[in-house]
Amino acid sequence: MEEANVLEAKDGTISVASAFAGHQEAVQDRDHKFLSKAVEEAYKGVDCGDGGPFGAVVVRNDEIVASCHNMVLKNTDPTAHAEVTAIREACKKLDKIELSECEIYASCEPCPMCFGAIHLSRAKRLVYGAKAEAAIAIGFDDFIADALRGTGLYQKAQLEIRKADGNGAIIAEQVFEKTKSKFQMY
């Protein structure tokens with residue numbers, strides 16, 4: 001039986017590496033191949049004017065299921081980030097609402113919205129290239145959590161957020177109780 005090595009990176013992430021020679025290099029080569037495709041998508045999106053320099057690829061069984069770039073400008077849709085667009089396309093193509101057999105490769109560290117979409121898709125793995133600071137350095141400011149708290153260095157939310165009171169809150173909460181028997185999730 002193969003021995004496994006537990007490795008802890010400087011950023012605190014933990015991974016388990018197989019002891020068999022070449023395993024880590026094979027994973028790196030594979031990741032490089034699919035991450036390169038995500039980066040190509042980022043360039044493609046900018047070249048055709050569809051949106052910002054972000055690309056994403058959804059992979060299942062070493063085959064690309066969806067390869068997309070940021071479509072915010074083309075679709076006039078602030079949610080059309082590369083990762084969200086790739087998830088939407090992959091789900092349609094696979095006719096599933098979850099991507100548990102898939103990996104997602106993103107040219108840049110996902111913003112909170114994209115990370116949320118990746119999490120909800122149930123993808124089994126995320127590999128990203130550039131850190132978010134690279135996008136921030138050229139003016140992208142998608143750090144929603146900071147904006148909501150008003151602690152963002154680059155952008156403050158101009159949005160009032162509050163939970164409804166009274167009957168509005170009650171009827172909104174009742175919808176879950178009244179419809180729970182119609183939904184069996186996963």
Side-chain angles (χ1 to χ4, degrees), residues 7-17 27-46 50-149 151-152 154-155 157 183-186:
L7 306 171
E8 185 168 353
K10 288 180 184 174
D11 65 0
T13 58
I14 296 175
S15 62
V16 178
V27 170
Q28 285 177 341
D29 289 347
R30 184 178 176 283
D31 287 352
H32 178 77
K33 172 185 166 183
F34 293 122
L35 190 56
S36 293
K37 182 64 177 165
V39 170
E40 286 175 25
E41 280 289 342
Y43 281 115
K44 180 179 169 184
V46 171
D50 289 344
F54 304 95
V57 176
V58 176
V59 175
R60 183 176 73 168
N61 299 327
D62 287 334
E63 296 290 326
I64 293 175
V65 176
S67 182
C68 298
H69 53 265
N70 183 291
M71 301 287 285
V72 168
L73 299 176
K74 181 174 183 170
N75 293 353
T76 320
D77 177 358
T79 69
H81 290 196
E83 299 91 334
V84 172
T85 303
I87 289 167
R88 289 173 180 162
E89 188 174 307
C91 286
K92 282 181 188 174
K93 190 171 184 179
L94 297 173
D95 196 27
K96 293 180 166 196
I97 63 166
E98 54 86 25
L99 302 172
S100 61
E101 301 172 351
C102 300
E103 299 165 290
I104 297 179
Y105 291 83
S107 62
C108 186
E109 182 177 6
C111 74
M113 177 187 71
C114 292
F115 182 78
I118 291 165
H119 173 73
L120 291 173
S121 78
R122 305 213 187 306
K124 66 180 179 181
R125 188 165 179 256
L126 165 66
V127 177
Y128 67 87
K131 295 282 290 169
E133 287 78 9
I136 291 168
I138 66 166
F140 288 91
D141 55 5
D142 290 334
F143 287 86
I144 297 164
D146 281 342
L148 290 174
R149 289 190 304 265
T151 58
Y154 296 94
Q155 178 183 29
F183 293 97
Q184 186 167 358
M185 300 303 289
Y186 311 101

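Nothing here was measured: the structure is a model prediction, and the numbers come from that model.
Side chain of Asn70 to backbone of Val72: a donor-acceptor contact under 3.5 angstrom is found.
What you find for Cys102 and Leu94 is that their closest heavy atoms are SG-CD1, 4.0 Å. Here the closest non-hydrogen pair linking Arg88 and Ala80 is NH1-CA, 4.5 Å. Between Glu41 and Gly55, the closest heavy-atom pair is CB-CA, 3.9 Å. Listed here is the closest heavy atom pair of Val57 and Lys37: CG2-CG, 3.6 Å. Closest approach of His69 to Asp50, counting heavy atoms only: NE2-OD2, 2.7 Å. Of all heavy-atom pairs spanning Ser107 and Ala38, the tightest one is N-CB, 3.9 Å.
Ser121 is not listed as a side-chain neighbour of Val58, based on a closest heavy-atom distance of 4.5 Å or more. In this structure the side chain of Ile138 reaches within 4.5 angstrom of the side chain of Pro53, judged on heavy atoms. When side chains are defined from C-beta on, Arg125 counts as touching Asp31, because their heavy atoms get closer than 4.5 Å. The shortest side-chain heavy-atom distance between Lys33 and Val59 does not fall under the 4.5 Å cut-off.
How far CZ of Phe115 is from CD of Glu109: 10.0 Å, rounded to the nearest 0.5 Å. Of the inter-residue distances, the one linking Phe140 atom CZ with His81 atom NE2 reads 9.0 Å to the nearest 0.5 angstrom.
Test Lys124, Arg30, Arg122 against Glu103 for salt bridge (Lys or Arg N to Asp or Glu O under 4.0 Å) and you get one pass: Arg30. Put simply, the residue from Ile87, Val84, Leu126 that forms a side-chain contact (heavy atoms from CB on, under 4.5 Å) with Cys114 is Val84.
The aromatic rings of Tyr105 and Phe34 sit tilted, their planes meeting at an angle between 30° and 60°.
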